[in-house]
Amino acid sequence: MTIDHAHDTHHHEEGFFKKYFWSTDHKMIAKQYLFTGMFMGLMGGFFAYALRMQQAFPGKTVPLYGVVTPTLYNALATNHGTIMIFWFAMPVLIAAFGNYLIPLMIGVDDMVFPRINRLSYQVFLLSAIVLIASFFVPGGAFGGAWTAYPPLSANANYNLTPWGASLWLVAVALEFVAFLLGGINFITTFMNSRAPGMKMFDIPMVLWTIIIASILFMASVGPLIAGAIMLLFDQTMSIGFFDPAKGGDPVLWQHLFWFFGHPEVYVVLLPAMGIVAEVITVFARKKLFGYKTVFYTMVGTGALSFVVWAHHQFIAGIDPRMANLFTITTVLISIPIAEMCFVYIATLYKASIEFSTAMLFALAFLAEFFIGGVTGIFLGASGSDIYFHDTYFVVAHFHYTFVPIAIIGVMAGLYFWYPKMFGRMMDEKLGKIHFWGTVISFNCIFIPLFYTGAAGDQRRIYNYQNFPHTNTEFLSDLRTFATISMVSMLLFQIPFLYNFFVSMKKGKVAGKNPWKSNTLEWVADSPPPHGNFKELPEVYRPPYEYSVPGRAQDYWPQNEKA
Amino acid sequence: MSTAQPVATRRSVTGMSTGKLAVMWVIGSEIVIFGGILASYIMFRLQHDSWSHEAAHTNTVAGAVNTFVLLTSSLFIVLGHNAAENKDTKKAFKYIWLTILGALTFLVIKAFEWSGEISHGFTIKKSLFWSFYYTAAGVHAAHVIVGAIIMGIISLDVRKNKNLHRVELIGLYWHFVDIVWIFLFPLLYIAK
Amino acid sequence: MSTEAHGHSHAKHYVKIWAILLVLFLISITGPMIGIRVITLITAFGIAVVKALMVASEFMHLKFEKKFVTYMLLTMLFLMFLFFFAVAPDVMKTSGQNWVKIPMQEQPAATKGH
Amino acid sequence: MMEQIITQASSYAAQIDNVIHLIAAIVGVWLAVAFYVFFSFIFKYTRKRHPKAAYITGETHEDGKWVHRAHFVVIACDVVILVFAAMAWHHVKQQLPPAEATIRIVGQQWAWKFTDPGLDNQLDTVDDINTIDELHVKVNTVYHFKLEAKDVLHSFSVPVFRLKQDAIPGRVITGWFKPTKTGEYDIQCAEMCGIGHGVMAAKIVVETPEAHAAWLEQHKSQNITQNIKTKNLKKLAINK
């Protein structure tokens, strides 16, 4: 499934299998994660397509899919969410960019544990296979929402997908194991193997974000692994951990899940913020505004993300007094996020912006994320969440955060590091088409859904005609418009995929440092050979020394002495 | 594919060996996993006073002996690590295998204990206490098994006088498994 | 590579620690036999905490390791206490503001070919 | 603004809408400011118009002043939002005004079962009236509801009342509402509860006291306890 592409010629030749499937080179493992993540992302996108077609044209046969029955609708919604977060956003944002950039940007030849790194991808691939297998088992794929709330997820009499539910859970647990293995590898390499001279504040922001994300993931996934074990016992041996009849408590699972759930969304947000920081500083030719402020804000966001989780459960039966506590912490976490946005805007002040495709995506990330962050306040404030909870307003909010993170931010990173990964430049014209097509379509999908959500559209309803108040002409027109924009957004990914695969062979050859950037990965060749650097670089200055007064060039690579 | 260790492993910016740093993070992630199970158990345990009657059926003697066995195996592995540090590979090898013996003793005692309880009808489905009892002790036993297997693999290298630093790494993991049991024992057996 | 002194005196130190842990263990066994609940709690759990700290600082050398390791492990532990005290009001109590738990009758067991 | 999107038919609907309006206003201002500054920088400092970028570390007190001042204003706005949100939350979810009538709502896989106290206004008496997927209430009367679920999680949601409360098996959750507008409105399930989640549509009929009394009279004898599962599979079949 890995597509053949430019292979590094000048190092001793390995067999095809050894090089592409059994490699311990961090760059190859990064590409494996990237391609698997993109493949699963397309599958998740296809599920969203079928899901939205059923909403816009209820009951009709969906081209390329067939009739969406209530069971299939739930399975589509559940697995769209699960795949997009666990098998698209995390692998691409943390594993692919992390694996590729950490060794290169700290000036070292590979991760500290290459074989564990390979093992983490293999466990991840196994988890993807187990999840796909869960679609073809008797009873079909699991349909109890990606949050898998028991008793629905725990008792096959209720979810009617006995095999699907357990396989889904095993797949998610395997994915956690893969990211624990990967995370430990990232953190240890980051802490111990930095280039000589690279002090704490000389590290590029994208690495800090990926490491903080890995630590957040590791510290928050534990209780959910315990919860997954308990839920698996409930499913397979009908134990009563979450069954009130046997003394268990369904609310315990909600807490176990969301204690992980909310740090998880910051686990995917922070790397995207880091990628955008790199891209913006390079194409604005300007120092990142307040590196220390951004660093402490990221750490603050990470720490606060552990005390906000119950805002997902305001009306889910927790004690109302707890909601007061969590609404305060939730609205408080908007401060560090707001700080990050201010700092990124301040970086553009007196800049000299070049609108390359990567920069366009980075700027679009900021613009879209403002809306995503701002609509979160409606849901963080307990008063307004009473109405908005589990409506399409919530869906529109978290797509305004997830799509900028997992699609727009990732595209900024791909267009930016593609020359380094494949040695050739991507075509800018196709990039601009892909950019405008994606961003405009994306807004046309979710702005209407904010409205339908406010009008009372509940989540995961497979046919709104059953509810008189949401069966109005205007609302179904909005849903149809959103679906058409979604189809157009999917179609606009074709120029990207064409550009991505064709440029590997036909793109303009990129030198070592096409964007004239400072960080260490641009010191190595494009694509870097095994072992990355001829001699490992040393670091003499922070990463964002652009447009330093009194210098001829407007950039100053970290490894240059003078 | 050069089998030589990457340069990355030879650097130690934090002043700590990479292996030990990694094992510390593994222990960190294990704390939150066991923490999740035990926190849930304690919540239910404090809610139901009736559970102390059910806990009365647990075999405290077996639990106590197992605590002693794990404690002693913890001593053996730290003596093994001490021997490995003094490059005394023969003694290190001996202590590793004494630790593995301790692990096996622990598992044998647990097997007898569980089969006794199950034969008396206290299965995992009997009540929520027993579900937590088998889940918590089961996950811990799984960690004992994994630890013993890794110790066996490391002992092969130790005999060939290679990778002696790994004895300390598996020792750290083993002490953590012992600490978890130190808390599991009173929680499951004693709180009557 | 570790900072403390080499040589055999070290092995004796560990055996001494082991002996102390054994004594503490015996106390934590006999304590609960007395049957008074508060003594049981102190001996069983108090000593368990002391033993855990000793194993961590002595056997795991946390005393000599870099400080950030201990801080990291304590942070993970703190997260578990945070989780416990935030979730206990819902799971542990049988009633709260405007809600009360009610006994449920047995649901039909999950009948499926697993 | 929310009034135009969806009618307000309960006593606290206006309060919740006002919290939404307050947040929308504050957040709208911030969004406008952010976008204005953001786009003005993008258009002013392009490579053509401003070829040489400045070198601003952002570490000095002078640079930080801009960000920190905005920082404190955000904190102030947050506090205002928190106060109003907490007041709405307290009013709707925490305190219960004295009930003039109490109903029982049971959510189960794929239907809502309502128990009206009947003429004696006492629950669990012989004259209670059970209805499925149709709840009749008197206008301008404070109702307490005892919400529970029989099998999985459900969520009793009446959008026009701005009322939403999850039903959890093993718990009885008490809430209240006071209808202020007569009419027929939707009841939806707002928590994934299996394949029939989409068909759990029910109707709440807000009537004048006289109409309600007539309805009570008419339903006195009939006690609808028909098997819910069969009824719903028919509904599902239609929509499959």
Side-chain angles (χ1 to χ4, degrees), chain A residues 69-71 74 144-145 149 151-152 158-159 244 250 285-287 289-290 292 315-317 320 323-324 327-328 331 334-335 338-339 342-343 345-346 348-354 370 374 377-378 381-384 386-387 389-390 454-456 458 460-463 466-469 547-549, chain D residues 5-6 16 19-20 23 27 31 34 37-38 41-42 45-47 50-59 64 67 70-71 74-75 78 81-82 84-86 88-89 92-94 151-153 159 162 164-166 168-171 173 186 188 190 192-195 197-199 201 236 239-240:
Chain A
T69 62
T71 315
N74 285 351
Y149 280 172
L152 178 66
Y158 298 144
N159 59 40
R285 310 310 289 166
K286 189 157 177 295
K287 190 174 174 57
F289 185 90
K292 287 199 177 65
I315 55 121
N324 287 328
T327 196
I328 293 168
V331 173
S334 71
I335 295 166
E339 176 105 14
F342 296 153
V343 161
I345 297 177
L348 297 173
Y349 176 65
K350 284 210 172 76
S352 164
I353 299 167
E354 177 202 348
F370 292 158
V374 139
I377 308 281
F378 289 95
S382 50
S384 50
I386 298 171
Y387 177 60
H389 179 72
D390 259 352
Q458 297 300 332
R460 300 163 180 145
I461 301 285
Y462 86 103
N463 186 350
N466 299 332
F467 299 91
H469 277 262
S547 316
V548 175
Chain D
I5 299 173
I6 183 159
I16 290 178
V19 171
I20 294 170
I23 296 175
V27 142
L31 201 61
V37 174
F38 179 69
F41 284 171
I42 287 178
Y45 299 113
T46 60
R47 184 61 52 86
H50 191 258
K52 190 80 182 69
Y55 181 76
I56 302 169
T57 63
E59 306 288 349
V67 174
H71 197 64
V74 166
I75 295 174
D78 283 348
I81 292 173
L82 272 177
F84 283 94
W89 178 263
V92 174
K93 289 286 179 188
Q94 289 185 293
D151 36 37
V152 292
L153 296 184
R162 308 296 184 277
K164 193 171 289 156
Q165 178 54 53
D166 276 21
I168 298 179
R171 271 180 163 81
I173 297 170
D186 278 356
Q188 299 167 348
M192 173 61 96
C193 59
I195 64 172
H197 172 62
V199 288
L236 270 179
N239 288 295
K240 233 203 206 26

- prompt: Which of the residues Ile335(A), Ile328(A), Asn159(A) is involved in the greatest number of heavy-atom pairs with chain D at under 4.5 angstrom?
  reply: Ile335(A)
Under 4.5 Å from any heavy atom of chain D - which part of Pro250(A): side chain
- prompt: Among side-chain atoms of Asp78(D) and Ser334(A), is any donor-acceptor pair under 3.5 angstrom?
  reply: yes
task: Tell me, out of Ala70(D), Ala34(D), Pro169(D), who's got the most heavy-atom pairs with chain A below 4.5 Å.
output: Pro169(D)
message: Under 4.5 Å from any heavy atom of chain A, what part of Ile81(D) do you find: side chain, backbone, both or neither?
response: side chain
- prompt: For residues Ser352(A) and Arg47(D), is any side-chain donor paired with an opposing acceptor at under 3.5 Å?
  reply: yes
Under 4.5 Å from a heavy atom of chain A, the part of Ile75(D) involved: both
statement: Interface check, chain A: of Ile56(D), Ile16(D), Val37(D), most non-hydrogen pairs under 4.5 Å belong to Ile56(D)
query: Between Phe342(A) and Phe289(A), does the ring centre distance come in under 6.0 Å?
result: no
Nearest non-hydrogen partners of Phe84(D) and Val19(D), listed with the distance: O-CG2, 3.8 Å
- request: Report the option among Pro549(A), Pro468(A), Ala455(A), Ala338(A) that has the most heavy-atom pairs separated by less than 4.5 Å from atoms of chain D.
  value: Pro468(A)
statement: Of all heavy-atom pairs linking Gly317(A) and Arg171(D), the shortest is O-NE, 4.0 Å
- request: List the atom of Gln165(D), the atom of Ile173(D), and the distance in Å for their closest heavy-atom pair.
  value: NE2-CD1, 3.6 Å
message: With chain D as the partner, which of Ala145(A), Ala351(A), Ala381(A) has the greatest number of non-hydrogen pairs under 4.5 Å?
response: Ala351(A)
query: Out of Pro320(A), Ala454(A), Ser384(A), which one racks up the most heavy-atom pairs below 4.5 Å with chain D?
result: Pro320(A)
- line: One option among Ala86(D), Ala85(D), Gly170(D), Pro51(D) has the most heavy-atom pairs under 4.5 Å with chain A, and it is Ala85(D)
field: Structural part of Ile23(D) lying under 4.5 Å from a heavy atom of chain A
entry: both
- line: Pair count under 4.5 Å, heavy atoms only, with chain A: among Val92(D), Leu82(D), Val74(D), highest is Leu82(D)
statement: Minimal heavy-atom distance between Lys286(A) and Ala346(A), with the atoms involved, is NZ-O, 3.6 Å
statement: Looking only at Ile168(D), Thr46(D), Asp186(D), Val27(D), most heavy-atom pairs under 4.5 Å shared with chain A are made by Asp186(D)
message: Suppose we screen for salt bridge (charged side-chain N to carboxylate O under 4.0 Å, His left out). Which residues come up paired with Lys93(D), at least two apart in sequence or across chains?
response: none
- line: Greatest number of non-hydrogen atom pairs under 4.5 angstrom with chain D, of Glu339(A), Lys292(A), Arg285(A), falls to Glu339(A)
Pro159(D) to Ile6(D) - nearest heavy-atom pair and separation: CB-CD1, 3.6 Å
field: Region of Arg162(D) that comes under 4.5 Å of a non-hydrogen atom in chain A
entry: both
task: Count the heavy atoms of every other residue, nucleotide or ligand shown that sit under 6.0 Å from OH of Tyr349(A), and state whether that count exceeds 12.
output: no
